[in-house]
Amino acid sequence: MTDRIFIGVAWPYANGPMHLGTLAGCLLPADIFARYHRLRGNQVLMVSGSDEHGTPITIKAEKEGVSPQVIVDRYHKQHTESLKKLGIVFENFTRTSTDFHKKIAQDMFLRLYEKGYVYPKKMEIFYCLTCKRFLPDRYVVGKCPRCDGNARGDQCDYCGKTMGLDELVDPRCSTCGEPPEIREALHLFFKLSHFEKQLDEWLSDKEFWKPNVLNFSRNWIKEGLQDRAISRDLEWGISIPLQGFTHQCIYVWFEAVIGYFSASQEWAYLRGEPERWKEWWMDTATAKHYYFLAKDNIPFHSIIWPAILMGYGNLQLPYDIPANEYLTLSGEQFSKSKGFGIWLPDILQRFNPDAIRYYLSINMPEKHDTDWSWKDFIAKTNNELVNTYGNFVHRVLVFAHKNFGVIPPLGDLESGDTEILEEIYKTVDTVASSIHQCHFKQGIKECMRLAQAGNKYFNDNAPWKLITDKPKRCQTVLHICLKILKALAILTTPYMPHQASQVWKMLGHGDSIGNYDWDEATRDVKKLQLPEPVVLFKKIEESSVGEDIKKEIFPHLDLQLAEITQVKKHPRSDSLYVLSIKLKKEKRKIVAGIKKWYSPEELVGKKAVVLTNIVPAVIKGITSHGMLIAAQGNRICALFTGEGKPGDHIFIQTLARNPQSSLELKDFQKLKMTTDKEGYILYKKQRLQTKKGYIYTDKKIPEGSRVI
RNA sequence: AGCGGGGUGGGGUAGUCAGGAAAACCCGUCGGGCCCAUAACCCGAAGAUCCAUGGUUCAAAUCCAUGCCCCGCUACCA
């Protein structure tokens, strides 16, 4: 019997291009899952869309001097194109700015209001007189009353103190810099607290969830659910359909999740069967709802969205939320707002989408954060995808095409044959159950294992000898190899759909692999004419990511941002200082020869770049545990500084950090780093950075100055 | 600070929830085979006190406790 599978994918925000993390954590697992279920003959409804409302989009539009609509149109189009290239297939990928969504979001809002789950309450908010708008927390900056550090909104960046609006010292609007005033405003609150018990009960039988998702959600409830404001003073959003509130908008987190519901209805409407969505949302017996998202989004889907659905009544609740962890880049986190990451439109231009899908599948952040490293991407693509898998497909097809031209018949079986045949059947089952349980990494690994077993089988039987000695036997061996290929084509379809259909064609099928189901993987191979095979995947040249990675010593450096806490003169030298510096946790002493250029007053409190893993050196009697990095040119010396906290790592995007325990000075001196005309520090034409931004000199210095 | 994740051969990971025979996989190193294939494929070898200490057990990488060290979140970013 067929199941109905609803798949909701977290809505990518339309203020910039999508990055790899979204693909790895949300889109790809969802697509694998959906494709698998479609192959299984289940009815799949997979929806998502661009999340197009909210302040960040307004701000971006203002910066560019265009209307928000221009921004969201641009990125929605770009998102759609990226998805198409990647082969991520939705039943409906829509956007939150449609009238359709607006109407349904407002209906849902009203229904909750009518049932008493939404109620008005007064609250205090910052209002900027210059910008003429209310300011969300993150758009107010000021000083922390406790540590005097920079604080944003209701929390101090530095010491982490949370505070009320009135506690923030010297608050400023982050856009115009003017002090805002506190205004009282009437807002609408969602009565989340009302659903506490109901949610707890609903979660009680979710033992099959990923432990982190379940524990996180249960803890949230245990700590007590607070009612949340769901109205905002914005012009860019869905207006609240209530008298007295029409100047306000529905808060985006509230409105965006409703998109799952509206996108389903829109899908039904667009295909001319406007009632079909009910099969997924109201037929609670057969429909299962899955949501694919990243860990930061868990409570919205495991608490708030279910509460909305409960409040609305009679709608299907999530069945599973197999949330993923994060994908990091060279060990640092992706960030859309900081512009740090790998963007889908960019990487799709450079690499085969199936290669990207492969690497992200085998390296998926299912249980913990995983790292996208360019080096590893190249290694896995070349060694596993190209060599093991691609070459197996190729050698079999080339051999069969050259010697037979058709798929040869199966003769008498030997023991090795039955073994490999069983291996096929076993793999088909394990891949199925892996995907079924959302263990995507395991599934693709099983596919690779079968390809490897195929290689072994091919080698052991040496058909290139059999072709002259025992042609009949050779036919059987090749028949079995082609059977493996057929199974692999089906099994890898969810992971790498493009190559799968290519293999399918090369096996002599005149029709699309899309016409077949999962069980086709084990059905007999027919005598089909084989076309001329072509290569599936080409190796990635190391130069295509721009670096000679192997001899690279840059990754061995452990460069960190350090705060200088104390400056003393070196007792035995006129040019040296002894600096106390603070890293993430530890404190160190380092000796630096910058007395000529900096006074102690200038240095204390400064953030500077320090090489922390250099072998400690005794300099005129004092041991220096690290080395201050500076640029020198034309008799000027400058230190480097940048955004971030003490201990933050400094790196470049294309090389993963891999610090050695101790680095010789001469190794460091081999590296050529220079400054550019804007004062950024370059290594191999790339700027060094923290995750918060680039590293730069603290004073003007000639372009091309050596870094020492 | 609070919350979450992690520490497994030289590098990268799996295994840990439901404790049990030789700790699995990819890369790298060394040796061998093969030569159909994208200089690819196959076999073998070296290499791990599975972070530390203590505990539970006939049996611990796996369970419990404590400690050390990394990383992330606590931003309307997946």
Problem - Base paired to B:C3 (Watson-Crick or G-U; both N/O distances under 3.5 angstrom) - result: B:G72
Handout entry: Check ion pair A:Glu325-A:Lys295 (N to O, under 4.0 angstrom)
Key = yes
Exercise for the section: Let me know the distance between CD1 of A:Ile378 and P of B:G28, rounded to the nearest Å. Expected result: 14 Å
Fill in the blank from the handout: By the Watson-Crick or G-U definition, both distances under 3.5 Å, B:A45 is matched with B:U29
Exercise for the section: Would you mind telling me which of B:U13, B:C41, B:U16 lies closest to the side-chain atoms of A:Asn391? Expected result: B:C41
Handout entry: Polar side-chain atom of A:Arg95 near backbone of A:Asp51 as donor-acceptor pair, under 3.5 Å
Key = no
Handout entry: Selection from B:U38, B:C77, B:C36 that lies nearest to any side-chain heavy atom of A:Asp296
Key = B:C77
Practice task
Mind calculating the distance between CH2 (A:Trp11) and C1' (B:C77) to the nearest angstrom?
Solution key: 17 Å
Handout entry: G-U wobble or Watson-Crick pairing nucleotide for B:C77 (cut-off 3.5 Å, both distances)
Key = none
Problem - Centroid-centroid distance, A:Phe33 to A:Tyr290, less than 6.0 Å - result: yes
Practice task
Using atom CG of A:Asp460 as one end and atom P of B:C43 as the other, report the distance to the nearest whole Å.
Solution key: 8 Å
Exercise for the section: Please work out if A:Ile362 contacts a base, only the sugar-phosphate, or nothing of the nucleic acid, heavy-atom cut-off 4.0 Å. Expected result: nothing
Exercise for the section: Take atom CH2 of A:Trp374 and atom P of B:G11, then tell me their distance rounded to the nearest Å. Expected result: 24 Å
Exercise for the section: Specify the residue among A:Leu20 and A:Phe399 whose closest nucleotide of RNA chain B lies further upstream toward the 5′ end. Expected result: A:Phe399
Practice task
With P as the reference atom in both, quote the distance from B:A24 to B:A14 in angstrom, rounded to an integer.
Solution key: 16 Å
Practice task
Respond yes when some side-chain nitrogen or oxygen of A:Lys367 is under 4.0 Å from OP1 or OP2 of B:G15, and no when none is.
Solution key: yes
Completion exercise
Comparing nearest nucleotides in RNA chain B, the 5'-proximal residue of the pair A:Ala451, A:Asp51 is A:Ala451
Completion exercise
Rounded to whole Å, the CD-C1' distance (A:Glu446 to B:A14) equals 12 Å
Handout entry: Cation over ring face, A:Arg395 and A:Trp464, 6.0 Å, 45°
Key = no
Fill in the blank from the handout: Of the listed B:U38, B:C41, B:G72, the closest approach to the A:Thr388 side chain comes from B:C41
Exercise for the section: Just call it for A:Phe537: base, sugar-phosphate, or nothing, with non-hydrogen atoms closer than 4.0 Å on any strand. Expected result: base
Completion exercise
Winner on side-chain proximity to A:Lys441, out of B:G72, B:C36, B:A14, is B:A14
Practice task
Have a look at A:Phe392 and say if it touches a base, only the backbone sugar-phosphate, or nothing, with a 4.0 Å heavy-atom cut-off.
Solution key: nothing
Handout entry: Parallel, tilted or perpendicular: ring planes of A:Tyr260 versus A:Trp305, cut at 30 and 60 degrees
Key = tilted
Exercise for the section: Find the distance A:Leu466:CG to B:C36:P and express it as a whole number of Å. Expected result: 13 Å
Practice task
Tell me what A:Gly25 touches on the nucleic acid: a base, only sugar-phosphate, or nothing, going by heavy atoms under 4.0 Å.
Solution key: nothing
Problem - Proximity of A:Phe190 and A:Phe254 rings by center, below 6.0 Å - result: yes
Fill in the blank from the handout: pair_partner(B:A23), Watson-Crick or wobble, both distances < 3.5 Å, evaluates to none
Problem - Spacing of the C1' atoms in B:G2 and B:G9 (rounded, Å) - result: 37 Å
Practice task
Using the C1' atom as the reference point in each nucleotide, state the distance between B:A22 and B:C50 in Å, no decimals.
Solution key: 15 Å
Exercise for the section: Would you state whether a donor and an acceptor, one from the side chain of A:Asn459 and one from the base of B:C34, lie under 3.5 Å apart? Expected result: no
Exercise for the section: Using the C1' atom on both, measure B:A65 against B:A48 and round to a whole Å. Expected result: 26 Å
Problem - From B:U13, B:C26, B:U38, nucleotide with atom closest to A:Glu384 side chain - result: B:C26
Completion exercise
Taking B:U38, B:A14, B:C26 as options, the one with an atom nearest any side-chain atom of A:Leu536 is B:U38
Practice task
Rounded to whole angstrom, note down the C1' distance from B:G19 over to B:G12.
Solution key: 27 Å
Completion exercise
Any strand, both distances under 3.5 Å, Watson-Crick or G-U wobble: B:A61 pairs with none
Practice task
Taking only the side-chain nitrogens and oxygens of A:Gln442, find out if one of them lies under 4.0 Å from OP1 or OP2 of B:C25.
Solution key: no
Exercise for the section: Determine the Euclidean distance between corresponding C1' atoms of B:U16 and B:A23; express it in Å to zero decimal places. Expected result: 12 Å
Exercise for the section: May I have the distance from A:Asn387 (atom CG) to B:G28 (atom P), rounded to whole angstrom? Expected result: 10 Å
Handout entry: Distance between C1' atoms of B:C30 and B:A21 (Å, rounded)
Key = 29 Å
Exercise for the section: For B:C63 and B:G7, measure between their P atoms and round to the nearest Å. Expected result: 11 Å
Handout entry: A:Trp464 ring over B:C36 six-membered base ring, under 5.5 Å and 30°
Key = yes
Practice task
Select base, sugar-phosphate, or nothing to describe what A:Lys380 touches, counting heavy atoms under 4.0 Å on all strands.
Solution key: nothing
Problem - Test of ring centre spacing under 6.0 Å for A:Phe377 and A:Trp372 - result: yes
Exercise for the section: Could you check whether the rings of A:Trp236 and A:His53 sit parallel, tilted or perpendicular, using 30° and 60° as the cut-offs? Expected result: perpendicular
Handout entry: Distance test, side-chain N/O of A:Lys295 to OP1/OP2 of B:G4, below 4.0 Å
Key = no
Practice task
May I ask you to verify if any side-chain N or O of A:Gln452 is less than 4.0 angstrom from the OP1 or OP2 atom of B:C42?
Solution key: yes
Practice task
Would you mind reading off the distance between A:Trp209 atom CH2 and B:G4 atom C1', rounded to a whole angstrom?
Solution key: 17 Å
Handout entry: Base partner of B:U56, which must satisfy Watson-Crick or wobble distances under 3.5 Å
Key = none
Problem - SB check A:Asp376 A:Lys380 (cutoff 4.0 Å) - result: yes
Practice task
Determine: side-chain N/O of A:His368 to OP1/OP2 of B:C70, distance under 4.0 Å, yes or no.
Solution key: no
